[in-house]
Amino acid sequence: MNGGDDTRNLGAAHRNGNNHHHSAKRPKISLPISESEIREEFSHHEEGVARINNGSFGSCPASVQSAQKNWQLRFLRQPDDFYHNTLSEGVLHSRTIIKGLINADDVEEISLVDNATTAAAIVLQQVGRGFAESRFNPGDSVVMLHCAFQAVKKSIQAYVTRAGGSVVEVELPFPVTSKEEVIDAFRLGLRRGKQDGKTYRLAIIDHITSMPSVVLPVKDLVSICREEGVERVFVDAAHAIGSVKIDVKEIGAEFYVSNLHKWFFCPPSVAFLYCKKFELSKDMRHPVAFQEHGNDLPVGNAWTGTRDYSSQLVVHSAMEFVERFEGGLEGIMARNQRDVVEMGKMLADSWGTNLGSPPEMCASMVMVGLPSRLLITSGDDALRLRSYLRVNYGVEVPIHYQAQSQREEGDGPRDKDGGRITGYARISHQVYNVADDYYKFRDAINELLKKEFTCRMIFTE
Amino acid sequence: MASPDGKHRRSGTNGEAKPPDSKKLKLSALITDEEIQSEFSHHNASVARINNGSFGSCPQSVISAQQRWQLRFLRQPDSFYVNDLKPGVLESREAIRSIINADDVSEVSIVDNATTAAAIVLQQMAWAFAEGRFEKGDVAVMLHYAYGAVKKSMEAYVTRAGGRVVEVQLPFPVKSNEEIITEFKLALERGKLKGQRIRLAVIDHVTSMPSVVIPVKELVKICREEGVDQVFVDAAHGIGCVDVDMKEIGADFYASNLHKWFFCPPSAAFLYCRKSAKFSDLHHPVVSHEYGNGLAIESTWIGTRDYSSQLVVPSVVEFVNRFRGGIEGIKKRNHEVVVWMGKMLAESWGTSLGCPPDMCSSMIMVGLPSCLGIMSERDTLKLRTHLRDCFRVEVPIYYRAPKEGEIDPVTGYARISHQVYNKPEDYERFRDAIKKLVGDNFTCASLSA
């Protein structure tokens with residue numbers, strides 16, 4: 001595989017085509033954002049780094065940063081005036097935009113919080129109170145996925161286990177070849193976890209899992225939860241907005257959270273927490289009690305003490321940025337998916353490995369198997385390999401160690417050398433990525449293989 | 001951080017926590033008046049901004065330092081997370097530890113603001129009730145003038161968990177520390193009436209509205225004598241406003257905002273937790289990867305956030321050291337000038353101050369002429385807005401309900417602040433605005449709802 005197409009920008013042919021824009025706001029004669037404009041918007045990204053990890057910390061274009069600075073300056077200029085006359089309105093505007101994007105019924109159902117981790121604390125604190133106030137019985141459980149985000153697992157420990165609740169973990173298959181595999185495993189896990197006289201008080205399901213990353217059939221999983229008697233469902237969709245289309249009514253969960261700074265171009269950090277209307281009366285509180293509006297979560301979240309709320313106020317600027325692209329947000333999502341899958345296949349072909357899930361179960365990230373000869377035998381190996389790639393090759397990509405599951409009957413996927421694939425790279429694609437980024441990664445791994453490098457050789461300091 | 005083979009260094013940092021081009025200070029050159037005005041030139045120049053107490057202020061050089069940190073994250077966030085964040089926060093915590101005379105940096109956590117710190121301290125109370133370490137009806141004591149958000153936290157984490165909250169009634173206007181000490185002792189007695197234990201006392205170092213400096217050292221001593229388990233000093237107006245010597249004060253927990261009087265951008269605060277404090281299993285309410293590693297470490301990562309306001313503390317130290325006497329000098333001069341301005345206003349209006357000068361810090365309560373007809377809290381908000389909109393004066397106003405039998409009571413007090421950017425003209429404008437209102441026979445009743 002040669003790098004003859006190194007300067008090719010993915011999807012170039014599509015970008016300067018006719019403007020098929022849906023937004024009524026944009027004047028029809030303006031062109032979509034050009035490639036050089038995109039480069040400029042992200043010119044603050046470190047040069048020389050193949051930044052194929054948008055999934056971890058997201059990205060923010062210069063024009064949105066600029067809008068943010070304006071808000072920050074307005075506050076600093078006259079903070080009392082800002083607080084009394086500007087803040088609430090600005091936050092309401094942001095919430096209204098989100099309500100439209102996710103098909104919620106009422107803006108009251110949308111709260112802005114710092115990030116998905118905070119939302120998890122809010123929901124789990126409520127569960128914890130259920131146990132403390134004996135509305136829940138000791139041993140009632142919370143269901144989570146085996147691959148739930150580590151911070152969420154810890155939150156469950158802090159608020160549920162500590163309060164006397166029990167935890168049921170459901171393992172999903174990985175690598176996975178169809179959504180039916182996921183659905184079957186989930187149903188089985190829920191049934192197995194049931195205990196006589198114990199109620200499932202909450203299920204926490206990812207919309208897009210973090211590591212390993214797969215888009216789950218969340219609507220189906222919520223239905224299964226209802227069938228199996230789960231009282232409430234919390235969808236942790238940290239990656240969702242800007243990656244996949246979201247329809248909260250269709251999904252049907254009581255709680256749904258997604259970060260806006262990951263795939264929706266907002267600066268760190270801001271997320272929305274959707275709470276279905278009837279939940280609002282049931283005592284949802286931000287863990288930091290606040291002064292202005294009692295227990296009313298949506299408005300109260302705009303005031304958790306003096307803070308810099310500027311990241312919450314630039315949602316419309318992020319929306320404006322998105323609308324400069326052909327097809328708006330949907331166009332961006334479609335192209336990210338197309339390009340990340342294409343690059344994933346390119347890598348898998350080059351290395352003789354596999355993809356962790358089929359294209360229809362990927363959004364803007366895909367798991368690519370790493371060659372067995374690298375000898376990734378633990379989570380530590382994966383971390384060290386990641387650092388090694390960052391420091392020595394200028395490639396930023398998270399690596400997942402996939403231990404062999406006890407569930408598997410066979411012995412897992414093998415690469416072209418016949419060795420077992422135990423490591424997967426999670427590659428992301430966002431609008432600033434170019435094919436070069438992935439070629440650089442491809443070549444780095446191929447060079448490591450040539451040097452007969454293994455993870456054993458990385459010395460920790 | 002060295003790479004294994006020393007080649008191909010890709011990291012955008014050189015391992016140092018400080019932003020690359022922070023200025024080195026010249027020990028001899030003190031900041032001039034022009035430089036001060038320049039540092040705060042982003043303030044709306046047409047406003048007499050005599051309310052530093054509410055939202056604080058941040059000089060341009062610290063804003064610039066903050067922006068450098070923000071850019072560093074945006075440039076390569078993974079590398080920032082791995083290489084820069086923790087050392088940067090540690091440096092900030094160490095700077096604070098030194099200023100507040102804490103023994104060990106592990107006693108210093110940085111959180112968003114004093115409201116968050118209060119939630120952290122009170123949350124452990126809720127657990128203690130739930131887990132049976134406290135008995136139903138055990139008591140927490142707080143001041144009647146405690147900040148609204150802290151009261152809500154008490155409700156959420158104490159009352160709701162089965163505890164009883166006792167409020168210390170404080171007189172205002174107040175004439176001496178003894179008045180406060182007497183009321184505090186009475187409240188402790190009320191707390192122990194039913195034979196229950198007083199698990200926590202929450203004491204403001206400087207109350208918000210009305211603003212008075214509380215004799216915390218004495219009150220902490222009384223708490224120890226009376227067997228109160230833990231003392232939490234809520235010093236939202238702490239560092240940069242009053243003396244913050246942890247060993248002197250002797251509390252178990254002490255929280256202070258850094259963005260109010262210590263020139264940090266919004267928002268950052270420190271929570272000090274004495275190593276030997278009883279029952280100190282504190283956790284940050286937002287649980288993330290560092291859960292269980294101690295509050296200070298838990299607070300360094302609460303999910304993806306903009307941590308830049310926590311990282312600029314060393315830049316703030318550089319800024320304050322450009323002033324004669326550093327932060328101590330700033331504090332002293334703020335106090336002197338605000339007292340002087342307060343007296344000037346009281347004299348001009350024929351009113352009085354809400355407390356003696358030695359019970360105020362860089363804020364002081366000045367009585368407003370009673371003919372203005374301030375009859376409720378609503379009136380104070382309306383008057384405040386009127387002053388902002390029509391006279392471009394920004395100052396919070398406190399409603400003090402008259403006691404029975406009082407003749408011609410003063411029911412409104414303005415809380416004026418003084419920070420390094422203020423000028424006498426700011427207070428003169430306020431003086432003249434009120435005089436005009438009085439001259440025009442203005443009353444709050446004439447303002448629309």
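First the proteins, then the strands, lettered A, B, ... as listed; each starts at 1.
Ring centroids of A:Tyr159 and B:His283 are separated by 6.0 Å or more, keeping the two rings apart.
The structure places CG of B:Asp112 at 4.0 Å from CZ of A:Arg307, a figure rounded to the nearest 0.5 Å. Taken to the nearest 0.5 Å, the OG1 atom of B:Thr304 stands 10.5 Å off from the CG atom of A:Asp114. Interatomic distance, CZ of B:Arg388 versus CG of A:Asn85, reported as 6.0 Å (0.5 Å rounding). If you take OG on B:Ser288 and CZ on A:Phe149, they are separated by 6.5 Å, rounding to the nearest 0.5 Å. Here the SG-CZ distance, from A:Cys60 to B:Phe73, works out to 10.0 Å after rounding to the nearest 0.5 Å. Atom CG of B:Asn44 and atom CG of A:Asp81 lie 8.0 Å apart (nearest 0.5 Å).
Neither the backbone nor the side chain of B:Ile120 comes within contact range of chain A; no heavy atom of the residue lies under 4.5 Å from a heavy atom of that chain. Proximity to chain B involves both the backbone and the side chain of A:Gln78, based on heavy atoms less than 4.5 angstrom apart. In this structure, chain A has heavy atoms under 4.5 Å from both the backbone and the side chain of B:Arg305. For B:Phe40, no part sits under 4.5 Å from any heavy atom of chain A, backbone or side chain. For B:Glu290, no part lies under 4.5 angstrom from a heavy atom of chain A. Contacts between B:Leu71 and chain A at a heavy-atom distance below 4.5 Å involve the side chain alone, from C-beta outward.
Of the residues considered (B:Tyr291, B:Tyr307, B:Trp301), B:Tyr291 shows the highest number of contacts with chain A, using heavy-atom pairs under 4.5 Å. In terms of heavy-atom pairs under 4.5 angstrom with chain A, the leader among B:Ala161, B:Pro77, B:Ser309, B:Ala269 is B:Pro77. Put simply, of B:Met154, B:Lys260, B:Gln67, the one with the most heavy-atom pairs under 4.5 Å next to chain A is B:Gln67.
Between A:Asp80 and B:Arg384, at least one side-chain nitrogen of the basic residue sits less than 4.0 Å from a carboxylate oxygen of the acidic one, meeting the salt-bridge criterion. Using a 4.0 Å cut-off between a side-chain N of Lys or Arg and a carboxylate O of Asp or Glu, A:Arg162 and B:Asp281 qualify as a salt bridge. For A:Arg51 and B:Asp78, the salt-bridge test fails: no basic side-chain N is under 4.0 Å from an acidic carboxylate O.
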Quick one, B:Val82 with A:Arg390, criterion side-chain contact (heavy atoms from CB on, under 4.5 Å). Give me CA distance, side-chain angles, the key distance, then yes/no.
CA-CA 11 Å; B:Val82 169; A:Arg390 175 188 305 124; 3.8 Å; yes
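In this structure, A:Glu40 places its CD atom where only 12 or fewer heavy-atom neighbours from other residues, nucleotides or ligands lie under 6.0 Å away. A:Gln150 CD: more than 12 foreign heavy atoms inside a 6.0 Å radius.
Using cut-offs of 30° and 60° for the angle between ring planes, the B:Tyr81 and A:Phe57 rings count as tilted.
In this structure, B:Trp127 and A:Ala158 approach most closely via the heavy-atom pair CZ2-O, 3.2 Å. Minimum interatomic distance between B:Val287 and A:Thr117 (heavy atoms only, all atoms of both residues): O-CG2, 3.1 Å. Shown here for A:Pro268 and B:Leu74, the closest heavy-atom pair between the two residues is CD-CD2, 4.1 Å. Annotation for A:Ala121 and B:Pro285: closest pair CB-O, 3.5 Å, computed over non-hydrogen atoms.
Contact annotation: the side chain of B:Gln123 approaches that of A:Gln125 to within less than 4.5 Å [non-hydrogen atoms, C-beta and beyond].
When each of A:Glu396, A:His44, A:Glu46 is tested with B:Gln76 by the rule side-chain hydrogen bond (donor to acceptor under 3.5 Å, both in side chains), just one qualifies, namely A:Glu396.
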